[in-house]
Amino acid sequence: MSETAVPSARPAASALSHRQILTVLTGLLLGMFMGALDQTIVSSAIRVIADQLHGQTAQAWVTTAYLIASTITTPLYGKLSDIYGRKPLYLTAISLFLAGSLLCGMANSIYELAAFRAVQGLGGGGLMSLALTIISDMVPPRQRSRYQGYFMATFGSASVIGPVVGGLFAGMDSFLGIDGWRWVFLVNLPVGLAALAVVTKVLNVATERVQHRIDYLGAAALVVLLVPLLTVAEQGREWGWLSPLSLTMFGVGALGLVLFMLAERRMGAEALLPLRMFRLPSFRMGNVLNFLVGVGMFGGLSSVPLYLQIVKGLNPTQAGLMLLPMTAGIMIASGTVGQLIARTGRLKVFPIIGSALMACSLFLFSLIEVDSSLVQVGATALMMGGGLGMLMQTLTLVVQTDATPRDLGVATASVNLFRQTGGTVGAAAFLSILFSTVGGRIADAMRAASSAPDFVAATQDPAVRADPANQAFLQALRDGRPMDLNDTSFLHHLDPRLAHPVLEGFASSMSTVFFTGGCVVVVAFALTWFLKDVRLD
């Protein structure tokens, strides 16, 4: 590939001093911190929340509802901010996120929680994309990686604090008279109110207004495309993948794709995602990679906290702390890469190395078993964090390299659109793989255990049989009934000899999920070699 120099999309951006940019960054980072904090808190607490709401097998909706809403609104924020300015839209995003957080804290079922997470997602779609767009308004391309490093550091800080705080609240029966797990969402309120105050005061940077027509038909078509396909990804294991209902959903999704293409062609340059931008090599390849990385990242990571809490028996706080190596990897890699890009202006090598590290880490995760060392898990998480740190900011810069000033907001929003679309598909599909295979894997492990001396001895031990914590399990074993996996907390009270085959089944299914994620990221690794070798000015 020939080397291509990319000029600054906003020459006037450099008029702001480093101090002025950091002042604006304060407001942006508070908003991003809130969104990142919410994601990491929920990831470490979701097992407890799903058990409390008796919806473990439906927990994917809590993730996918948020991702669907944020995916669809992300490009709309880009267009609307071009018309009405960045500040009003950023304040709107924070306000919607706060409203969703309050509603989530009041949910009484897993499906209510999923619906309220969708409200959160309506705000979350603007938190990251608008922050990156505002930085792109102020800073030339070569220096963006330097400031995007602050975003990665903020994300890393939230990743450190979130799992610990989430685990703390999830482990409490109540706090200030309210169920402990509800504070996982309510804690966003003080952070969000502080973000509103700071953004209102400091985000006063003038940007060029561009008049757009808003592609509402394209947004509606995107809903028709995504929702049926994700519904099948979540429910296909129960309906049957080729059942009439599943095929109907596939058909509706295909219709949504056709409608989306027609709507985008009709809107031309004002489309939610202008089709002409796919003629730009860096935009096209960068967003294909964003989609694949999103599938692997969200799909693979959805199983790490579950493995730590269900299989290894860690409480939410301990599981959150076990994710700190991943956070360290993200922070170290993003900071180092940002400095190297600022000095050299070179990009291509970092997506190649990052995708290789991420694929290797997912394959290593696929080797974990019930008795795997936590040191092994931590080291693998560190490797995955390093890969993610190299990929997340560099792929944003790749997509921006071909964008004109008029298209910069759309291009930046497209990064989150494709990454979150991939994440939505990955979270729904991979958790569906997990819960569609775990029953059979547990059954296989139980059959193998039926002749194992330790398991047989446990079933015949009078003390084990007399323990109320074991009686329901033993009765289900005698009756040949499948166990209810909507609430997995019973596993932590079972005699370890009885629980072992169940944990083996979970570990086996999670290994399948990780292996699938690794295969997806291998495709991304192969495609990174076809990126243009750009040099940022």
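Predicted model, so just to flag it, every value in this text is computed and none were measured. One-based numbering along the sequence shown.
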Would you say that [X] contacts [Y] through its side chain, given a criterion of any heavy-atom pair below 4.5 Å between the two side chains?
| X | Y | answer |
| --- | --- | --- |
| Phe291 | Asn287 | no |
| Leu395 | Val415 | no |
| Lys348 | Val398 | no |
| Met326 | Leu382 | no |
| Thr200 | Leu91 | yes |
| Phe418 | Leu289 | no |
| Phe365 | Val377 | yes |
| Leu364 | Met383 | yes |

- Message: Within the 3.5 Å criterion, strictly below it, is a donor on Ser509 or Thr437 matched to an acceptor on the partner's side chain?
- Response: yes
[atom1]/[X] to [atom2]/[Y] distance, rounded to the nearest 0.5 angstrom?
| X | Y | atom1 | atom2 | result |
| --- | --- | --- | --- | --- |
| Ile368 | Tyr307 | CD1 | OH | 4.5 Å |
| Ile352 | Met390 | CD1 | CE | 11.5 Å |
| Phe515 | Leu367 | CZ | CG | 9.5 Å |
| Met392 | Ile330 | CE | CD1 | 6.5 Å |
| Phe350 | Thr394 | CZ | OG1 | 8.0 Å |
| Ile94 | Leu89 | CD1 | CG | 11.5 Å |

Heavy-atom pair of closest approach, residues [X] and [Y]:
| X | Y | value |
| --- | --- | --- |
| Cys104 | Arg117 | SG-N, 3.6 Å |
| Leu196 | Ser95 | CD2-OG, 3.8 Å |
| Ala333 | Gly386 | CB-O, 3.3 Å |
| Leu388 | Met358 | CD2-SD, 3.7 Å |
| Lys312 | Asp371 | NZ-C, 3.9 Å |
| Ser101 | Leu186 | O-CD2, 4.3 Å |

- Query: Where the side chain of Tyr90 meets the backbone of Leu28, is there a donor-acceptor pair that is under 3.5 Å apart?
  - Reply: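 A pair under 3.5 Å: yes.
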- Query: Donor-acceptor pair, Ser366 side chain versus Ser511 backbone, under 3.5 Å?
  - Reply: no
- Message: Are there over 12 heavy-atom neighbours, none belonging to Gln376, within less than 6.0 Å of that residue's CD?
- Response: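 Yes, the 6.0 Å shell around CD holds more than 12 heavy atoms from other groups.
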- Query: If you draw the axis of the six-membered ring of Phe278, does the NZ or CZ of Arg284 fall within 45° of it and under 6.0 Å from the ring centre?
  - Reply: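 Cation-pi check for Arg284 and Phe278: fails.
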- Query: Is there a side chain to side chain contact (heavy atoms under 4.5 Å, CB included) between Met384 and Leu357 once you walk through the steps?
  - Reply: CA-CA 6 Å; Met384 172 167 272; Leu357 287 174; over 6 Å; no
- Could you walk me through whether Phe363 and Val522 pass side chain to side chain contact (heavy atoms under 4.5 Å, CB included), step by step? CA-CA 10 Å; Phe363 286 131; Val522 163; 3.5 Å; yes
- Start with the C-alpha gap between Met285 and Leu527, add the side-chain angles, then the distance that decides, and say whether side chain to side chain contact (heavy atoms under 4.5 Å, CB included) holds. CA-CA 8 Å; Met285 184 60 73; Leu527 293 177; 4.0 Å; yes
- Residue pair Val311, Leu306: steps toward the side chain to side chain contact (heavy atoms under 4.5 Å, CB included) verdict: CA-CA 7 Å; Val311 178; Leu306 292 178; over 6 Å; no
